[in-house]
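Working notes for the structure below.
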Number of protein chains: 2
Amino acid sequence: MGISKTEIFTDQQNEIALFSKVFGHPARVAILQHLFRIDTCVCGDLVEEIGLAQPTISQHLKELKHLGLIKGSIEGTRVCYCIDTENWIKMKHIMLAFLNQDLKAKADCC
Amino acid sequence: MGISKTEIFTDQQNEIALFSKVFGHPARVAILQHLFRIDTCVCGDLVEEIGLAQPTISQHLKELKHLGLIKGSIEGTRVCYCIDTENWIKMKHIMLAFLNQDLKAKADCC
DNA sequence: TTGATTCATCGTAATATTGCAATGAAGCAA
DNA sequence: TTGCTTCATTGCAATATTACGATGAATCAA
């Protein structure tokens with residue numbers, strides 16, 4: 001049905017899934033990598049950088065902003081985006097706890 | 001159009017997106033967490049554990065297996081699943097490199 | 001053999017995602 | 001004001017995902 005039964009999972013599981021979902025598209029990965037690489041606000045040139053149409057980029061930026069991973073500030077006719085470091089680190093802790101489960105586990109047995 | 005333009009992104013970006021996409025559903029997160037917690041093969045009881053119908057669980061397991069994160073071995077009428085530790089660690093390195101980008105970056109400026 | 005169990009696959013309905021043209025909104029320059 | 005630039009939003013088509021009933025395949029027990 002295209003709809004996930006989120007109510008039968010824990011908040012932690014749903015949170016991991018939400019963050020992962022936003023990383024589940026290469027355009028959003030590319031946007032984030034570009035913002036980190038430039039290491040400052042990016043004003044406007046994301047469309048040329050990524051190579052998708054302007055409405056498509058705008059939509060991906062909206063999803064990243066909705067999760068709090070980036071923030072934008074209006075500068076005249078342009079909008080400048082950058083990583084929200086504080087929220088990025090919060091997200092990272094949640095994802096690291098998930099990815100590092102293997103540290104507690106022994107080994108595969110099959 | 002529901003289809004991602006993977007060809008305009010790097011292999012690394014597409015790989016991060018593929019791993020993230022599989023973590024983008026709480027049922028798959030729950031399955032992986034259960035496999036780690038049990039720390040051995042899980043034979044059959046995943047349907048009761050997760051709370052989705054058997055075909056749905058089977059479909060999620062197939063996606064996890066397709067990415068190499070779990071492996072299954074047939075034991076009689078049952079199938080036993082466990083984490084593929086080697087591939088999990090490979091995946092983890094790729095994801096950690098992405099999540100740890102902030103270590104190189106300075107700070108947000110907006 | 002028959003019946004029961006377990007899991008995969010098929011088929012399908014409901015919903016979500018992706019991408020972009022068209023359009024709108026807001027600011028700046030002249 | 002007009003025109004230009006930049007980005008967001010709307011609307012829509014194409015495709016993907018999620019979920020599950022029905023069914024199939026394989027194994028084991030009797």
Side-chain angles (χ1 to χ4, degrees), chain A residues 1-9 13-14 16-31 34-35 41-67 70-82 110, chain B residues 1-9 13-14 16-31 34-35 41-67 70-82 110:
Chain A
M1 311 185 176
I3 188 168
S4 301
K5 288 193 165 180
T6 55
E7 71 276 7
I8 66 173
F9 302 105
Q13 287 163 344
N14 283 316
I16 292 169
L18 279 180
F19 281 128
S20 298
K21 193 181 268 184
V22 90
F23 297 145
H25 193 289
R28 293 189 289 263
V29 172
I31 289 171
H34 184 65
L35 289 177
C41 296
V42 166
C43 302
D45 57 1
L46 271 170
V47 173
E48 307 156 33
E49 179 70 25
I50 306 296
L52 290 172
Q54 181 267 325
T56 309
I57 297 293
S58 189
Q59 194 174 326
H60 285 309
L61 288 169
K62 190 179 178 184
E63 291 176 62
L64 290 168
K65 202 159 62 178
H66 183 251
L67 272 194
I70 66 174
K71 46 187 176 180
S73 58
I74 300 173
E75 307 219 351
T77 55
R78 329 193 92 189
V79 179
C80 297
Y81 286 102
C82 66
C110 299
Chain B
M1 311 187 174
I3 188 170
S4 301
K5 287 193 164 179
T6 55
E7 70 277 8
I8 67 173
F9 303 105
Q13 287 163 345
N14 283 314
I16 292 169
L18 280 180
F19 282 127
S20 297
K21 193 182 270 183
V22 91
F23 298 144
H25 193 290
R28 292 190 288 265
V29 171
I31 288 171
H34 184 65
L35 288 178
C41 296
V42 167
C43 302
D45 56 2
L46 272 170
V47 172
E48 308 156 32
E49 181 69 26
I50 306 297
L52 290 171
Q54 180 267 325
T56 308
I57 297 292
S58 189
Q59 194 174 325
H60 285 309
L61 288 169
K62 190 179 177 183
E63 291 176 64
L64 290 168
K65 201 158 63 176
H66 184 250
L67 273 194
I70 65 173
K71 46 188 176 181
S73 57
I74 300 174
E75 307 218 352
T77 56
R78 326 194 95 189
V79 178
C80 296
Y81 286 102
C82 67
C110 298

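Here is the naming used below: chain letters follow the sequence lines, and residue numbers restart at 1 for every chain.
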Rounded distance in Å - NE2 (His66(B)) to P (dA16(D)): 14 Å

Non-neighbouring partners of Lys62(A) that pass side chain to side chain contact (heavy atoms under 4.5 Å, CB included), sequence neighbours left out: none

dG19(C) OP1/OP2 closer than 4.0 Å to side-chain N/O of His60(A): yes

Flag side-chain contact, heavy atom, 4.5 Å: Leu61(A) against Tyr81(A): yes

Non-neighbouring partners of Thr6(A) that pass side chain to side chain contact (heavy atoms under 4.5 Å, CB included), sequence neighbours left out: Ser4(A), Asn14(A)

Residues that Ile8(B) engages under side chain to side chain contact (heavy atoms under 4.5 Å, CB included), provided they are two or more places apart: Leu52(A), Lys5(B)

Integer-rounded Å distance: dT23(D) C1' and Gln54(B) CD: 11 Å

Separation of dT6(D) P from Glu49(A) CD (nearest whole Å): 16 Å

Which residue lies more 5' along DNA chain C, comparing Ile74(A) with Leu52(A) via nearest heavy atoms: Leu52(A)

Any residue of residues 21-31 of chain A with a heavy atom less than 4.0 Å from an atom of DNA chain C: Lys21(A), His25(A), Arg28(A)

Sequence-distant partners of Gln13(A), side chain to side chain donor-acceptor pair (under 3.5 Å), two or more places apart: Thr10(A), Gln33(B)

Spacing between Glu63(A) atom CD and dC7(D) atom P, to the nearest angstrom: 18 Å

d(CG, Leu18(A); P, dA16(C)) in whole Å: 13 Å

dT6(D) phosphate, OP1 or OP2, under 4.0 Å from Thr77(A) side-chain N/O: no

Phosphate contact (dC7(D) OP1 or OP2) by Lys62(A) side-chain N/O below 4.0 Å: no

Donor-acceptor pair (no angle test) under 3.5 Å: Gln59(A) side chain, dA8(D) base: no

Glu7(B) atom CD: more than 12 heavy-atom contacts under 6.0 Å: yes

Partners meeting side chain to side chain contact (heavy atoms under 4.5 Å, CB included) with Glu63(B) (sequence neighbours left out): Val22(B), Arg28(B), Gln59(B), His60(B)

d(CZ, Arg78(B); C1', dA8(C)) in whole Å: 16 Å

Distance test, side-chain N/O of Thr56(B) to OP1/OP2 of dC20(D), below 4.0 Å: yes

Between P of dT6(D) and OH of Tyr81(A), the distance in whole Å: 15 Å

Pairwise 5' ranking along DNA chain D for Lys5(A) and Ser58(A), keeping only the more 5' one: Ser58(A)

Whole angstrom value for the distance that separates P of dC7(C) from CG of Leu46(B): 9 Å

Given DNA chain D, 5'-ward residue of the pair Gly76(B) and Val47(A), judged by closest heavy atom: Val47(A)

